[in-house]
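A short write-up of the structure that comes next.
The residues of the chain are indexed from 1 along the displayed sequence. Note that the coordinates shown come from a computational prediction; the quantities given were computed from them, not determined experimentally.
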Amino acid sequence: MPAKAKQSAKYERLDAEVRREKLILATIEAVGDVGYSATTVREICRRAEVSPGLLRFHFSGKAELILHAYERLLNDFITSLLDVVRNVDKEPRERLAAFVEACFSADGSSENRLAMMLAFWSELRHTPEIRAPATKMFATYRKELIDIIEQVALIEGNADEVDAGLVAISLTSLVDGLWLERSVNPQGFSLEDAKLACYGLLDGFLFCGTNEQWLQERAAGRNIVYHS
């Protein structure tokens, strides 16, 4: 009997974890589809196929569930980018290019993920509980970018002229801005255009040093290629 009771408790914990997971994923999906304000407890429960009572059993309410959903979404997004940046089988320059490619994936995963994140971003100013973990996670992956940028600048021989922190914040801000623009006007530019904009920014920061040097490089016919 004790063994059977122990097994039953294990299954109950598993069921609870599955329900929590379904609620979190349903929240992410709902916010991406209908927006933050239109995402109601009823809508979340409908998508998760659970009763409102079960939601309150696992979370104190919609606010706590939204927080967990955003943390999950952001963590998955940043983890996927860090996997690219940390790929030791590639040279620093290739890893930086792979980061840009991952930000604008042609398979639609980036577009779907960023669309959902945009819906959450509007709440960051008003919700410290969401803003705090977001700030921490973004700082982590920006630090990884800085490290790669410093390596590229060192290889190119202009490490003294490159502010890696400024390059990193410029690149991530450009990525965010391009996705914001695309969410308003999806036909305004292609994902390839977005990538080219990022490569242009990196070229300007990492291969010019000064405007005069940049002009000399271009005049000499140097062709900077990120793509393999």
Spacing of NZ belonging to Lys195 relative to CZ belonging to Phe104, to within rounding of 0.5 Å: 9.0 Å
If I take atom CZ from residue Arg86 and atom OG1 from residue Thr79, how far apart are they, to the nearest 0.5 angstrom? 8.0 Å
Spell out, as yes or no, whether a donor-acceptor pair under 3.5 Å connects the side chain of Arg20 to the backbone of His58. yes
Going by side chain to side chain contact (heavy atoms under 4.5 Å, CB included), Val167 matches just one of Leu145, Ile149, Thr172, Leu96. Which one? Ile149
Side-chain touch Lys143/Asp147, heavy atoms, less than 4.5 angstrom: yes
Between the main-chain N or O of Arg95 and the side-chain N or O of Lys90, is there a donor-acceptor pair closer than 3.5 Å? no
Starting at CD of Glu150, measure out to CG of Leu206 and round the result to the nearest 0.5 Å. 11.0 Å
Considering all heavy atoms of both residues, which atom of Val84 and which atom of Phe99 are nearest to each other, and what is their separation? CG1-N, 3.5 Å
Does Arg182 reach the main-chain N or O of Phe189 with its side chain, forming a donor-acceptor pair under 3.5 Å? yes
Exceeds 12 heavy-atom contacts within 6.0 angstrom, atom CD of Glu91: no
Does one hydrophobic cluster hold both Ile146 and Ile155, with members joined at side-chain heavy-atom distances below 4.5 Å? no
Separation of Leu174 CG from Leu201 CG (nearest 0.5 Å): 5.5 Å
Taking atom types as modelled and ignoring hydrogens, do the side chains of Ser173 and Asp176 form a donor-acceptor contact shorter than 3.5 angstrom? no
Heavy-atom side-chain contact between Glu29 and Leu25 under 4.5 Å: no
CZ/Phe57 to CG/Leu23 distance, rounded to the nearest 0.5 angstrom? 12.0 Å
Residue pair Val100, Leu202: steps toward the side chain to side chain contact (heavy atoms under 4.5 Å, CB included) verdict: CA-CA 10 Å; Val100 173; Leu202 290 170; 4.1 Å; yes
Answer yes or no: is there a donor N or O on one side and an acceptor on the other, between the side chain of Lys62 and the main chain of Thr39, under 3.5 Å? yes
Minimal heavy-atom distance between Cys45 and Pro52, with the atoms involved, is SG-CA, 3.6 Å
Polar side-chain atom of Glu43 near backbone of Thr40 as donor-acceptor pair, under 3.5 Å: no
Is the shortest side-chain heavy-atom distance between Leu73 and Val31 below 4.5 Å? no
Could you tell me whether the side chain of Leu178 reaches within less than 4.5 Å of the side chain of Cys198, counting heavy atoms only? yes
Taking the side chain as every heavy atom from C-beta outward, state whether Phe205 and Leu166 have any atom pair closer than 4.5 Å. yes
Heavy atoms of other groups near Glu49 CD, more than 12 under 6.0 Å: no
Output the distance between atom CG (Leu154) and atom CG (Asp160), rounded to the nearest 0.5 Å. 9.5 Å
If we only count heavy atoms from C-beta on, is the Thr27 to Arg72 side-chain gap below 4.5 Å? no
Give the minimum heavy-atom separation between Ala97 and Tyr199, together with the two atoms involved. O-OH, 3.4 Å
Could you report the tightest heavy-atom contact between Ile148 and Pro92, atom names first, then the distance? CG2-O, 3.5 Å
Identify whether Ile169 and Leu180 are in the same connected component of the hydrophobic contact network (ILVMFWY, side-chain heavy atoms under 4.5 Å). yes
